[in-house]
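Everything quoted here is computed from the prediction, not taken from an experiment.
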Amino acid sequence: MPRIALSEQALDERKDQIKSAALKVFAEKGLTGTKMSMIAEEAGISQGLSYKYFESKDEIFALLVEEAIEEAQKAIRNIGQLSGSPIDQLRAFTLRMLDENHKHYFLLIQQAQKSEGVPHKAKEAIKRYSPGDTIDLMIPIVVRGQEEGQLAEGDPYKRLLLFLSVVTGLMLQDTKALGIDLALEVDYLLGILTK
């Protein structure tokens, strides 16, 4: 019996390894620019072995899009539950958005929204995703921050739209290649909301 559990654990670990590699490749190359051989190479396995776990790149892509949307929605829903003041909550949320894995999820969602030939399951998942929900859930935090004097006055919707647009733009950049550590620049970014 323990041998079966170990086997299932090994199967899950291999699938996660392939999904992690695929997330990176899809985020960088898009759906049409990605081949199973690229995913297998990134995962450090043979292409034949990758087909043992997934039928096609479309299957992996659809699965990852669904996971990316779930992760994005979870992060958005949980922002109000983060500890600290409104500025602390916004800082923690921003750091999470700029984290490498979340960045890849975001880029994957962008690819799914814009790419040709997106699998049906991925299209259905994208229909359920509303970026406007992010702003709506963050407005009460900004309003509270304004009331407490931590954040600048002004239309919270417009301020958040500008802030999230800048953060989104940074997610699309290869900031490491530019020598920018975004974790160190978060307070500068938050200046959009504090000044």
Find the distance between [atom1] ([X]) and [atom2] ([Y]) and round it off to the nearest 0.5 Å.
{"X": "Gln111", "Y": "Leu64", "atom1": "CD", "atom2": "CG", "value": "12.5 Å"}
{"X": "Leu108", "Y": "Glu66", "atom1": "CG", "atom2": "CD", "value": "11.0 Å"}
{"X": "Tyr105", "Y": "Glu70", "atom1": "OH", "atom2": "CD", "value": "9.0 Å"}
{"X": "Lys158", "Y": "Leu162", "atom1": "NZ", "atom2": "CG", "value": "11.5 Å"}
{"X": "Leu137", "Y": "Ile79", "atom1": "CG", "atom2": "CD1", "value": "8.5 Å"}
{"X": "Leu95", "Y": "Leu90", "atom1": "CG", "atom2": "CG", "value": "11.0 Å"}

Problem set entry | Polar side chain donor-acceptor pair, Glu13 to Gln17, under 3.5 angstrom | no
Which heavy atom in [X] sits nearest to a heavy atom in [Y], and how many Å separate them?
{"X": "Ile60", "Y": "Ile18", "result": "CD1-CG2, 4.0 Å"}
{"X": "Lys103", "Y": "Met171", "result": "CE-O, 2.8 Å"}
{"X": "Ile135", "Y": "Leu164", "result": "CG1-CD1, 3.7 Å"}

Exercise. Is there a donor-acceptor contact under 3.5 Å from the side chain of His102 to the main chain of Arg96?
Worked result: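 Yes, because the side chain of His102 sits within donor-acceptor range (under 3.5 Å) of the backbone of Arg96.
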Exercise. Would you say Lys24's side chain and Ile39's backbone share a donor-acceptor pair under 3.5 angstrom?
Worked result: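 Side chain of Lys24 to backbone of Ile39, a donor-acceptor pair under 3.5 Å: no, none is there.
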All salt bridge (charged side-chain N to carboxylate O under 4.0 Å, His left out) counterparts of [X], not counting sequence neighbours:
{"X": "Arg77", "answer": "none"}
{"X": "Asp88", "answer": "Arg91"}
{"X": "Lys19", "answer": "Asp16, Glu67"}

Exercise. Can you get from Leu178 to Leu98 by hopping between Ile, Leu, Val, Met, Phe, Trp and Tyr side chains that sit under 4.5 Å apart?
Worked result: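 Both belong to a single hydrophobic cluster.
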Who pairs with [X] by side chain to side chain contact (heavy atoms under 4.5 Å, CB included), at least two apart in sequence or on another chain?
{"X": "Ser56", "value": "Asp58, Glu59"}
{"X": "Met38", "value": "Val25, Lys29, Lys35"}
{"X": "Asp12", "value": "none"}
{"X": "Thr168", "value": "Phe106"}

Can you tell me which residue pairs pass the ring pair (Phe, Tyr, Trp, His ring centres under 6.0 Å) test with a partner in [range], sequence neighbours excluded?
{"range": "residues 8-64", "value": "Phe26-Phe61"}
{"range": "residues 161-181", "value": "none"}
{"range": "residues 172-191", "value": "none"}

Side-chain donor-acceptor pairs under 3.5 Å in residues 143-153, sequence neighbours left out?
| residue | atom | partner | partner atom | Å |
| --- | --- | --- | --- | --- |
| Arg144 | NH2 | Gln89 | OE1 | 2.8 |
| Gln146 | NE2 | Ala152 | O | 2.8 |
| Gln146 | NE2 | Gly154 | O | 2.9 |
| Gln150 | OE1 | Ile87 | N | 3.2 |
| Gln150 | NE2 | Ser85 | OG | 3.1 |

For this session: Would you sort out whether Gln81 and Asn78 count as a side chain to side chain contact (heavy atoms under 4.5 Å, CB included), showing the intermediate values?
Result: CA-CA 5 Å; Gln81 297 169 5; Asn78 292 339; 3.5 Å; yes
For this session: Please examine the side chains of Val142 and Pro86, heavy atoms only from C-beta on, and report whether any two atoms are closer than 4.5 Å.
Result: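 Side-chain contact under 4.5 Å: no.
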Compile the donor-acceptor pairs under 3.5 Å between side chains in residues 116-124 and protein atoms, sequence neighbours left out, one pair per line.
none

Problem set entry | Step-by-step side chain to side chain contact (heavy atoms under 4.5 Å, CB included) determination, Thr32 to Ser115 | CA-CA 8 Å; Thr32 56; Ser115 296; 5.7 Å; no
